[in-house]
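Below is one structure, written out as structure tokens; the observations come after it.
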Amino acid sequence: MEKSRHGAFVYAQKVLKHSLFLFLLINLLSISPDISASTTLLEQKYTLNLSFKDARLEQVLDAIMKQSGVKIAYSSDELQKDRVVSVDIQTSDILTALRSVLGDGYSFKQIEDYIAIARKETSDSSDVINNTVIDDRIWTIQGQVLENSEPPYPLPGVNILIKGTSLGTISDGNGYFTIKAKRGDILDRNGRQLAGEGTASSVGIVPGRMENREDTIKKLAEYLGIGADEIEDKLKAGWVKADSFVPVATIPKIQEVDLLTVNPDKTVLEEKEKQDTLLKIPGIMLSDVKVRTYYLKEAASHLVGYVQAVTAEDLQEHKGEGYRTNSVIGKTGLETLYEKELKGTDGCEICIVDANGNKKSVIAYEPRKDGEDIHTTIDGDLQSTLYEQFKEDRGCSVALNPYTGEVLALVSTPSYDNNDFVRGMDNSQWSALNENEDRPLYNRFRQTWCPGSTFKPVIAAIGLKVGAFTANDDFGNEGLAWQKDSSWGDYTVTTLHDYEPVILKNALIYSDNIYFAKAALKIGADQLMQSLNQIGFNQELPFDIKMSESQYSNMDKIETEIQLADSGYGQGQILVNPLHLASIYTAFLNDGNMIKPYLHADGGSTSSEIWIKDAFSPQIVSEVMEGLEGVVNNPEGTGYGACREDIRLAGKTGTAELKATKEDTSGTEIGWFTVFTTDRDTKNPILLISMVENVKDIGGSGYVVEKDKAILDEYLGNE
């Protein structure tokens, strides 16, 4: 009899073992915990070995599932073979979970505090297994029937042994290992990393090496800008021992190459000095850690974006997509735009391990699938050059190849270091970013702005297209101020230069507001609105990143004659997104076809795609281009400061006034410069648009021209 019972027991254990492996394999991506480099115990899997005397096993398991919502894998065959079975439950707090599962009818007695187990970790770069010792707990929970307890909880005669382990049931000879997928890199057009794996420094404390605990914690807290209580909480974690390295924060790693330059960055030198001072304090250590790194930092933060640890909301929103409690997810920029491609899929391994956690044989294996690298059209050097020129200004710049639509740069200034969001910021850093009146977190290249005189070529092309006037029509010299008639009251349109003849070419060169106010009136509100809609106004720009839609009115139409006149020179209620404006300008280099801008380099192809065909005729393009070339190459032109002898450029300056009334003297001015190479055979063709929010007392649009000239000198070189 005893032998028969023993045989049934062994048989049940075998059935159970195979069924558990099958259960784990089927559910490996949804029920298993993460194995990462962190020693923090988050959600873990616990194996419950249950034995029963008087209660039916089915009743107990059903009760647990109903009460906790946790699904338990078992079959009726297993239950009939013996009165012992193992089940898995996943939770971050086993005692609380069991109180919820079993009810108040059970008392909980902890019989052993800690045991050391082997925890498996797989690096992102290889399948090599490393051993790390961490702490875990064993509890025995004894079932007791209390007076006045209500059935079906608790169930009488139930004894439960719980063994918690991050690896599943190691003691039973099987282990579960997550093989982390590598997140894809974001690369520029030359293969340079914009985002990828890098190295930072983890600063922390080894408790047993501290000589003065209070002083050590205080100094580290001051350096990190956090409260001492935050560090104390980390040191009190259950897994911490005297010789444990307790990570407190992630900080920039000071590279030797940065210190060996001719003129080391002052910030780097200051940080190096602080870290050296910290390391002299017994108990404080630095350790290298692999982190997502953004190599252009402030120069591309609004474009590239950043990742952060998933939140509970992220896990709920992306349920079933392979995210775990220690996953990261793209929050802004290209990191979120291409999250699906960049993320990859974790692999896993279920294997037999010995008592020390060493792998003996693999039962099931699912390879990881690394995330895709995203190749962009961005020129990292140009992106950095633009940022350095404008980093102190509130503004933005866009650059593209006008013949292919490849976007070469998207810059917003001032900016922030997106690496800070990965390493973590203290409250003072976060407050400084949010309270800065220059709004460094604000992405300006995605917004719409009053374009000022950069809009005049658009009005010129529309007027010629609808036949409102010809390029050689002389609008007459009105002096420096003009109004249509007395119905305008005191309102006048003003301009800065007196010239003759007042024809299109000269009006562009001298940037004549009066000419283009008259041009808009000749076109008419209905024709102007219709024509603007035909070139992308009030519609989404077909581009990887969502941009604000350009508009010609705050309402649904241009409502007054004065508003129409002001619209002619880029004022009124005209608002244009810089990348949309750049796309309109591509028509002046492509026989009137507007080229679609793009950012994701698909297979290295640089072929162009027309967004709006025949926006203007080749004849119209020729007539407008005559004026745009004069803006830069005629000594009287407002963009003459960017003129080059080796490469012919064309473009248009602009100064948009932002003020409450015509008489308001406290308003600001937006400065613009749109400039581009005119020869398709230029080695590095470029169309560059830069905008600075307040140029009122620093030279107007001339301030932007000067900076763009320096950028073009570096980008174009000497051809």
Side-chain angles (χ1 to χ4, degrees), residues 189 379 381-390 393 395 397-404 406 408-409 411 452-454 456-457 460 471 496-497 499 501 503-512 578 581-582 584-591 595 618 621-655 671-692 695 698-719:
R189 65 190 299 105
D379 185 314
D381 290 333
L382 178 60
Q383 181 86 15
S384 296
T385 301
L386 280 163
Y387 172 74
E388 288 300 320
Q389 278 293 331
F390 290 103
D393 300 305
S397 294
V398 303
L400 70 161
N401 182 323
Y403 303 106
T404 65
E406 297 167 276
L408 304 173
V411 179
S453 296
T454 59
K456 290 172 180 175
L496 297 176
H497 304 283
Y499 65 95
I503 59 175
L504 177 59
K505 174 184 175 181
N506 290 337
L508 286 169
I509 292 172
Y510 289 96
S511 199
D512 183 357
L581 184 62
I584 296 173
Y585 268 72
T586 64
F588 301 135
L589 293 166
N590 293 279
D591 295 324
I595 303 301
V621 166
S622 176
E623 291 172 339
V624 174
M625 278 294 292
E626 188 177 1
L628 294 180
E629 290 189 38
V631 168
V632 177
N633 300 286
N634 186 316
E636 299 297 323
T638 55
Y640 185 68
C643 182
R644 296 172 63 103
E645 294 185 2
D646 56 340
I647 301 174
R648 191 162 182 82
L649 302 174
K652 186 70 189 76
T653 58
T655 304
W672 292 84
F673 188 37
T674 299
V675 60
F676 51 91
T677 54
T678 61
D679 187 348
R680 183 180 287 270
D681 295 327
T682 300
K683 182 180 178 181
N684 295 305
I686 186 174
L687 191 162
L688 172 62
I689 296 181
S690 293
M691 180 277 295
V692 174
V695 295
I698 57 174
S701 61
Y703 175 82
V704 188
V705 171
E706 182 181 350
K707 286 182 173 286
D708 275 354
K709 181 184 187 309
I711 292 161
L712 292 174
D713 286 347
E714 182 172 336
Y715 183 73
L716 296 173
N718 297 313
E719 295 198 3

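Please read these numbers as outputs of a predicted model, since none were measured by experiment. Residue numbers start at 1 and run along the sequence shown.
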Legend entry - side chain to side chain contact (heavy atoms under 4.5 Å, CB included) between Lys652 and Leu628, intermediate numbers included: CA-CA 6 Å; Lys652 186 70 189 76; Leu628 294 180; 4.1 Å; yes

Legend entry - Minimum-distance pair of heavy atoms, taken over all atoms of Thr653 and Ser701: CB-OG, 3.7 Å

Inset, instruction - Check the pair Glu636 / Asn506 against side chain to side chain contact (heavy atoms under 4.5 Å, CB included), numbers first and verdict last. - result: CA-CA 10 Å; Glu636 299 297 323; Asn506 290 337; over 6 Å; no

Inset, instruction - Compare every heavy atom of Ala650 with every heavy atom of Thr678, then report the nearest pair and how far apart it is. - result: CG2-CB, 3.6 Å

Inset, instruction - Determine yes or no for a side-chain-to-main-chain donor-acceptor pair under 3.5 angstrom, with Ser622 supplying the side chain and Pro618 the backbone. - result: no

Inset, instruction - Flag the pair Phe676 / Thr586 as yes when at least one side-chain heavy-atom distance between them is below 4.5 Å, and no otherwise. - result: no

Inset, instruction - Kindly indicate whether the side chain of Leu496, heavy atoms from C-beta on, has any atom under 4.5 Å from the side chain of Thr638. - result: no

Legend entry - Test log, rule side chain to side chain contact (heavy atoms under 4.5 Å, CB included), inputs Leu688 and Ile711: CA-CA 10 Å; Leu688 172 62; Ile711 292 161; 4.3 Å; yes

Inset, instruction - Answer whether the closest heavy-atom distance between the side chains of Leu716 and Arg644 falls below 4.5 Å. - result: yes

Inset, instruction - Search all heavy atoms of Val621 against all heavy atoms of Asp591 and return the closest pair with its distance. - result: CG2-C, 4.1 Å

Inset, instruction - For the pair Tyr499 and Tyr510, name the ring-plane relationship: parallel under 30°, tilted 30 to 60°, perpendicular over 60°. - result: parallel

Inset, instruction - Can you see which heavy atom on Tyr703 is nearest to which on Ile698, and at what distance? - result: CB-O, 3.5 Å

Inset, instruction - Evaluate the side-chain proximity of Tyr585 to Pro402: yes if any heavy-atom separation is below 4.5 Å, no if none is. - result: no

Legend entry - From CD1 (Ile595) to OG1 (Thr404), nearest 0.5 Å: 8.5 Å

Legend entry - pair Trp672-Ile689: side-chain heavy atoms closer than 4.5 Å: yes

Inset, instruction - Could you tell me whether the side chain of Val411 reaches within less than 4.5 Å of the side chain of Phe390, counting heavy atoms only? - result: no

Legend entry - Residue pairs involving residues 624-635 (criterion salt bridge (Lys or Arg N to Asp or Glu O under 4.0 Å); sequence neighbours excluded): Lys505-Glu626, Glu629-Arg648

Inset, instruction - For residues Ala582 and Leu400, report the shortest heavy-atom separation together with the two atoms involved. - result: CB-CD2, 3.5 Å

Legend entry - Exercise: do Ser511 and Ser453 side chains pair donor with acceptor under 3.5 Å: yes

Legend entry - CG-CG distance between Leu408 and Asn401, expressed to the nearest 0.5 angstrom: 6.0 Å

Inset, instruction - First locate atom CG of Asp679, then atom CG of Leu589, and finally report the distance between them rounded to the nearest 0.5 Å. - result: 10.0 Å

Inset, instruction - Find the distance between NZ (Lys709) and CZ (Phe673) and round it off to the nearest 0.5 Å. - result: 10.5 Å

Legend entry - Straight-line distance of Thr454 OG1 to Met691 CE, nearest 0.5 Å: 10.5 Å

Legend entry - Residues Leu712, Leu649; criterion side chain to side chain contact (heavy atoms under 4.5 Å, CB included); working and verdict: CA-CA 10 Å; Leu712 292 174; Leu649 302 174; 4.0 Å; yes

Legend entry - Close side-chain approach of Pro635 and Tyr640, heavy atoms under 4.5 Å: yes

Legend entry - Nearest-0.5 Å distance that lies between atom CG in Leu382 and atom CG in Asn684: 9.5 Å

Legend entry - Student check: side-chain heavy atoms of Arg680 and Asn590 closer than 4.5 Å: yes

